[in-house]
Amino acid sequence: MFIRKLSEAQGTARQVKSDNWNSVRLLLENDNMGFSFHITTLYAGTETHMWYKNHYESVYCISGRAEIEDKATGERHVIEPGTMYALNEHDQHCLRVQEDFVCACVFNPPLKGTEVHDKDGAYGLDAEEVTD
Ligand code: 9YT
């Protein structure tokens, strides 16, 4: 067993930042759990297009509010605290954030730790690993 604290991982290599979000990756591939686990904050007023071609992801909203659009169908859903969405078909989607959106995210296969979105909003499989 091991324990990690969000407060202790913030500001280390486990925290990755972009213009639209920051993410603290509490579990990574080298933890050998078979998934990665992140606490991500997306900022109010942002719109992020994502397409995790190489991963499955589920996202549970802890606080804030966003709208997710399924780009294949145009369907939109409100995501609020207590709601989870699962990208079980590598779905192309867009997240429009109304209030700072804090969520817990799980990726399978696990991220290595240094991934940032490519031009399609995807993560590759060949990132450098984070060690600490
Ligand atoms: C909701 C969301 O952005 N999920 C992706 C995870 C996060 N951006 C990360 O850790 O890269």
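For ligands, and for the atoms within them, numbers begin at 1 and follow the listed sequence.
- Tyr123 and His117 form a side-chain donor-acceptor contact under 3.5 Å, judged by distance and modelled atom types alone.
- Among protein heavy atoms, the minimum distance from atom 4 (N) of ligand 1 is reached at Glu57 OE2, 2.6 Å.
- Atom 1 (C) of ligand 1 has its nearest heavy-atom neighbour, among Phe107, Phe37, Tyr60, Tyr85, in Tyr85.
- Distance from atom 3 (O) of ligand 1 to its nearest protein heavy atom, with residue and atom name: Met50 SD, 3.7 Å.
- Taking a 4.0 Å cut-off on heavy atoms, Thr40 registers as neighbouring ligand 1.
- For Arg65 and Glu99, the salt-bridge test fails: no basic side-chain N is under 4.0 Å from an acidic carboxylate O.
- Nearest to atom 9 (C) of ligand 1 by heavy-atom distance, out of Arg25, Gln15, Lys17, is Arg25.
- Take Asn30 and apply the side-chain contact (heavy atoms from CB on, under 4.5 Å) test, not counting sequence neighbours, and it matches Leu28, Glu129, Thr131.
- The shortest N or O to N or O distance between Trp21 and ligand 1 is not under 3.5 Å.
- For the pair Arg96 and Tyr43, the cation-pi criterion (under 6.0 Å, within 45° of the ring axis) is not fulfilled.
- Checked by atom type and distance alone, the side chain of Asp100 pairs as donor or acceptor with a backbone atom of Ala44 at under 3.5 Å.
- Of the protein's non-hydrogen atoms, Tyr123 OH, 3.4 Å is the one closest to atom 8 (N) of ligand 1.
- In summary, the atoms of ligand 1 found under 4.0 Å from a heavy atom of Ser23, numbered by their order in the structure, are 7 (C), 9 (C), 10 (O).
- Contacts between Val16 and ligand 1, counted as non-hydrogen atom pairs separated by less than 4.0 Å, are absent for every part of the residue.
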(message) Set out, in order, the CA-CA distance, both residues' side-chain angles and the distance that settles salt bridge (Lys or Arg N to Asp or Glu O under 4.0 Å) for Asp120 and Lys53, then state yes or no.
(response) CA-CA 9 Å; Asp120 290 330; Lys53 304 172 198 184; 2.5 Å; yes

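- The side-chain heavy atoms of Pro110 and Phe107, taken from C-beta on, include no pair separated by under 4.5 Å.
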